[in-house]
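Proteins come first, then strands; the chains are lettered A, B, ... in the order of their sequence lines, and each starts at number 1. Computed from heavy atoms alone, side chains included, the values below leave out hydrogens, waters and symmetry copies.
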Amino acid sequence: MTKNQISGYIDTPIDLESSLCGGQSFRWMIKNKRFRGVIRNVIIEFQQKDRGICWNSYNNDDLNFINQIIAEYLDLNFDLKKFSERNLKDIAIQSSLDKYYGLRILNQDPWECLVSFICSAASNLNKITKNVQSIMKIGEKIGPEEIDYIFPSPQKILTFGELKLRNLGLGFRAPYVIDAALKIIEEKINLQSLKFSSYDISKKKLMMINGVGEKIADCVLAFSLNFSNAFPVDRWVRRSLINQYNLSEKLNNHELGDWARKRFKDDGSYVQQYLFHNIKN
DNA sequence: TGGAAGCCTGGTGT
DNA sequence: AACACCAGGCTTC
């Protein structure tokens with residue numbers, strides 16, 4: 001038997017709290033200042049340490065692989081310093097950077113991300129987390145902790161059924177999750193392939209799913225499909241845009257999103273998260 | 001074609 | 001204590 005447990009250190013500013021538990025992902029558990037979760041079937045723990053973070057993996061000891069999936073998940077190729085420099089004159093972005101420097105856009109599994117944000121409709125962080133974590137437990141348990149599950153496949157969720165999803169507390173969102181699972185099983189949508197389509201086409205495809213409108217589609221595009229120009233507009237970001245950039249209350253969320261995508265381009269997803277955190281907390 | 005009601009349900013405020 | 005009201009949105013009318 002191998003030990004299966006390895007660790008490492010990443011010397012880059014990463015704010016674990018805002019990145020992992022700030023509303024992009026809902027499956028990280030904090031215990032003794034350690035953030036535990038599952039990335040690509042590998043159980044990982046992160047902890048803030050000195051200028052960066054340290055990590056442990058528990059069911060995989062392939063160092064190259066772990067380094068690679070962590071770098072991908074935490075978007076380590078994105079240069080926050082340059083991001084800040086590009087937006088030096090933007091007071092709203094700078095004031096948020098002061099507080100949340102190290103907040104990063106995650107690269108999550110698209111299926112898990114899609115289900116999570118379908119659950120987010122008219123909900124709140126606590127409730128979404130409960131919903132997502134109970135769905136997660138439909139999947140395979142791979143470790144001793146409460147959080148150590150592989151997120152269930154579309155087929156598994158479909159088999160589990162709408163009624164039981166309702167009973168987990170999803171409410172009116174349950175049939176939406178089922179519709180998403182169905183469209184993926186029937187290959188009407190291939191989430192992985194969306195990475196290689198344009199922003200507009202990928203977004204339209206996602207919005208074919210019942211319960212997925214512009215906001216949820218943008219979240220999935222930004223937080224799991226690597227579309228850095230995606231800019232989800234919820235009521236908080238709406239308020240932030242109107243206040244900080246002096247925009248009219250009369251603009252609807254679609255128009256605000258268009259405005260932001262034009263203005264921030266490939267910084268969009270980062271700008272959105274920084275504005276979101278700054279207005280919420 | 002825009003705008004508001006309705007949807008599940010847990011949490012918060014009164 | 002019980003009750004209204006709302007929440008990181010979408011669909012329907």
- Query: Just checking A:V212: base, sugar-phosphate only, or nothing, at a heavy-atom cut-off of under 4.0 Å?
  - Reply: sugar-phosphate
- Query: Using atom P of each nucleotide, how far apart are C:dC10 and B:dG11 to the nearest Å?
  - Reply: 23 Å
- Query: Is A:D179 salt-bridged to A:K183, going by a charged N under 4.0 Å from an acidic O?
  - Reply: yes
- Query: Looking at A:I128 and A:S123, what are the two nearest heavy atoms and their distance?
  - Reply: CG1-OG, 3.6 Å
- Within 45° cone of A:F231 ring axis and under 6.0 Å: A:R263 NZ or CZ: no
- Message: Using a 4.0 Å heavy-atom cut-off, does A:G23 contact any base of the nucleic acid, only the sugar-phosphate backbone, or nothing at all?
- Response: base
- Item | Heavy-atom pair with the smallest gap, counting every atom of A:R261 and A:N229 | CG-O, 3.2 Å
- Query: Got a salt bridge between A:R27 and A:D109, using NZ or NE/NH1/NH2 to carboxylate O under 4.0 Å?
  - Reply: no
- Item | P spacing across the pair C:dT11 / B:dG10, given as an integer number of angstrom | 23 Å
- Pairwise P distance for C:dC5 and B:dA5, with rounding to whole Å: 13 Å
- Message: In dot-bracket form, 5' to 3', how is DNA chain B paired? Count Watson-Crick and G-U wobble pairs only if both distances fall under 3.5 Å, and write | where the partner sits on another strand.
- Response: ..|||||.||||||
- If we take the P atom in both B:dG2 and C:dG8, what is their distance in whole Å? 26 Å
- Task: Have a look at A:L125 and say if it touches a base, only the backbone sugar-phosphate, or nothing, with a 4.0 Å heavy-atom cut-off.
- Result: base
- Mind calculating the distance between CG (A:N124) and P (C:dC6) to the nearest angstrom? 14 Å
- Task: Compute whether any side-chain donor of one residue and acceptor of the other, for A:N278 and A:S240, lie under 3.5 angstrom apart.
- Result: no
- Task: Select from A:Y176 and A:C219 the residue whose nearest nucleotide in DNA chain C is closer to the 5' end of that strand.
- Result: A:C219
- is_close_aromatic(A:F26, A:F117), centroid dist under 6.0 Å: yes
- Message: Can you confirm whether the side chains of A:S18 and A:D15 place a donor and an acceptor under 3.5 Å from each other?
- Response: yes
- Query: Between B:dG6 and C:dA4, how far is it from one P atom to the other, in whole Å?
  - Reply: 15 Å
- Can you tell which of A:R86, A:K82, A:K262 makes a salt bridge (charged side-chain N to carboxylate O under 4.0 Å, His left out) with A:D267? A:R86
- Task: Starting at atom CG of A:L170, determine the distance to atom C1' of C:dG9, rounded to an integer number of angstrom.
- Result: 15 Å
- Message: Can you measure A:K127 atom NZ to C:dG9 atom P for me and round it to whole angstrom units?
- Response: 13 Å
- Item | d(CZ, A:R239; C1', C:dC6) in whole Å | 13 Å
- Message: Whole angstroms only, please: what is the CG-P distance between A:N252 and C:dG9?
- Response: 14 Å
- Atom CG of A:L114 to atom C1' of C:dG9: distance rounded to whole Å? 14 Å
- Item | Sugar-phosphate only, base, or nothing, as touched by A:N126 at under 4.0 Å among non-hydrogen atoms | nothing
- Measure from the ring center of A:F223 to the ring center of A:F276 and say whether it is less than 6.0 Å. no
- For the pair made of CZ in A:F117 and C1' in C:dG8, what is the distance, rounded to whole Å? 8 Å
- Message: Nearest whole Å is fine: how far is C:dG8 P from A:L275 CG?
- Response: 16 Å
- Message: Closest-nucleotide mapping onto DNA chain C: is A:G211 or A:W236 further toward the 5' terminus? I mean the 5' end.
- Response: A:W236
- Message: Going 5' to 3' along DNA chain B, between which two nucleotides do contacts with chain A fall, using a heavy-atom cut-off of 4.0 Å?
- Response: B:dC7 to B:dG11
- Please determine if a side-chain N or O atom of A:R173 lies less than 4.0 Å away from the OP1 or OP2 oxygen of C:dC10. no
